[in-house]
Structures are given as structure tokens and as C-alpha cells.
Amino acid sequence: KDGVDHTMIVMMNKNNVKNNSGALRVHSPQEAIDTPWQDINPNNVLYEHNNAQYLDILLIADNELNHSGTPIFTHDNHHSAYQDFIVLLSRYPTVDTHPSHQFDSTQLHPDLPLTLHLNKQVA
């Protein structure tokens, strides 16, 4: 959990990653946060994907579920292995009295304004 409403993870690139490693997992709230990856109860794993390819997307209702990743292992131990992801987080706007209002309001960012209308039809 990242303290947000939704998390979207987009695979961008990977190199020298052994198959069946570097998995993305979604688990039920029954799994304690910070459980080591090898100790996670398989009954709490709702989804696991361990061979993400370019532009594969995982969208998580982060206020309802937990997510984690497993270690990356190399095909060739003489070279580095990596997986690059873009992680996008979303939160609903808050009321003025909420502690995160300065970050989660409907006010545009003063230097980098961006508005996405996700519930509106585009003509």
C-alpha cells in the first residue's frame, strides 16, 4: 500500500532477468505489510505475474489490496539485471481540513499543471 487510491505499474524495459523472477504480486489485506516475499502465504496471493513485457500494465485498487515484488535473478551473473517500471499513483481530492489537502486538492500545480478527465467521454 502506498497511501493512495490506485496504483498503475507499467513495464518499460528489462535486461538479463531470468524467467520466473521479478514477479509482481497482488495480495489480500490479510497478508501483513512488510512480510518478506518468501514468507507470503500463497493463499493470500490474488494475482502474480512474473514475466512482464514492454507496456504490460498492472492496475491496483491500492486502498483495498496490497502489492509487492519478488527479487530479480540474472541469466548471466557477469552482467547486471534490471527491470524498469513507471509507477503512477492517484488519489481522490480532499476537503480543506484533510491533512493531505495541500497535495490532494483540485488546485493545479503552480509550475506543472496537469488535468486528466478520466470519467469524461472524448468526442
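Quick caveat, the model's predicted, so the values are computed rather than measured.
In terms of modelled atom types and a separation under 3.5 Å, the side chain of Ser21 and the main chain of Phe73 share a donor-acceptor contact. Between the side chain of Lys14 and the main chain of Ala52, a donor-acceptor pair closer than 3.5 Å is present. Between the Asn16 side chain and the His79 main chain, a donor and an acceptor come within less than 3.5 Å of each other.
The shortest side-chain heavy-atom distance between His49 and Asp56 falls under the 4.5 Å cut-off. Between Met8 and Ile57, the closest side-chain pair of non-hydrogen atoms falls below 4.5 Å. Between Leu58 and Tyr47, some side-chain heavy-atom pair lies under the 4.5 Å cut-off. Residues Thr74 and Val17 have side chains not in contact (no heavy-atom distance under 4.5 Å, counting atoms from C-beta outward). Residues Arg91 and His6 are not in side-chain contact: their nearest non-hydrogen atoms beyond the backbone lie 4.5 Å or more apart. Inter-residue side-chain proximity for Asn63 and Val4 is flagged as unmet; no heavy-atom pair is nearer than 4.5 Å. Looking only at side-chain heavy atoms (C-beta outward), Leu46 and Leu65 come within less than 4.5 Å of each other. A heavy-atom distance below 4.5 Å is not found between the side chains of Pro29 and Glu64.
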Stepwise, does the side chain to side chain donor-acceptor pair (under 3.5 Å) test hold for Asn50 with Asn20? CA-CA 5 Å; Asn50 62 7; Asn20 300 322; 3.1 Å; yes
Yes or no on side-chain contact (heavy atoms from CB on, under 4.5 Å) for Asp84 and Asn15, after CA distance, side-chain angles and deciding distance? CA-CA 9 Å; Asp84 293 331; Asn15 184 52; over 6 Å; no
Show, in sequence, the C-alpha distance, side-chain angles and deciding distance for Leu24 and Phe85, and conclude whether the side-chain contact (heavy atoms from CB on, under 4.5 Å) test is met. CA-CA 11 Å; Leu24 296 174; Phe85 294 97; 3.9 Å; yes
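In terms of hydrophobic clustering, with Ile, Leu, Val, Met, Phe, Trp and Tyr side chains grouped at heavy-atom distances under 4.5 Å, Tyr82 and Leu55 are assigned to different clusters. Following chains of ILVMFWY side-chain contacts shorter than 4.5 Å, one cannot reach Leu59 starting from Met11, and the two form parts of different hydrophobic clusters. No chain of hydrophobic side-chain contacts below 4.5 Å, direct or via other Ile, Leu, Val, Met, Phe, Trp or Tyr residues, connects Ile86 to Ile72.
Using modelled atom types and a 3.5 Å distance limit, the side chains of His67 and Thr7 yield no donor-acceptor pair.
Contact detail for Asn44 and Gln30: the closest heavy-atom pair is OD1-CB, 3.8 Å. Between Glu31 and Asn66, the shortest heavy-atom distance links the atoms O-ND2, 3.0 Å. In terms of heavy atoms, Arg25 sits closest to Glu48 at NE-OE1, 2.9 Å.
Taking a 6.0 Å sphere around CG of Asp39, one finds it holds more than 12 heavy atoms contributed by other residues, nucleotides or ligands.
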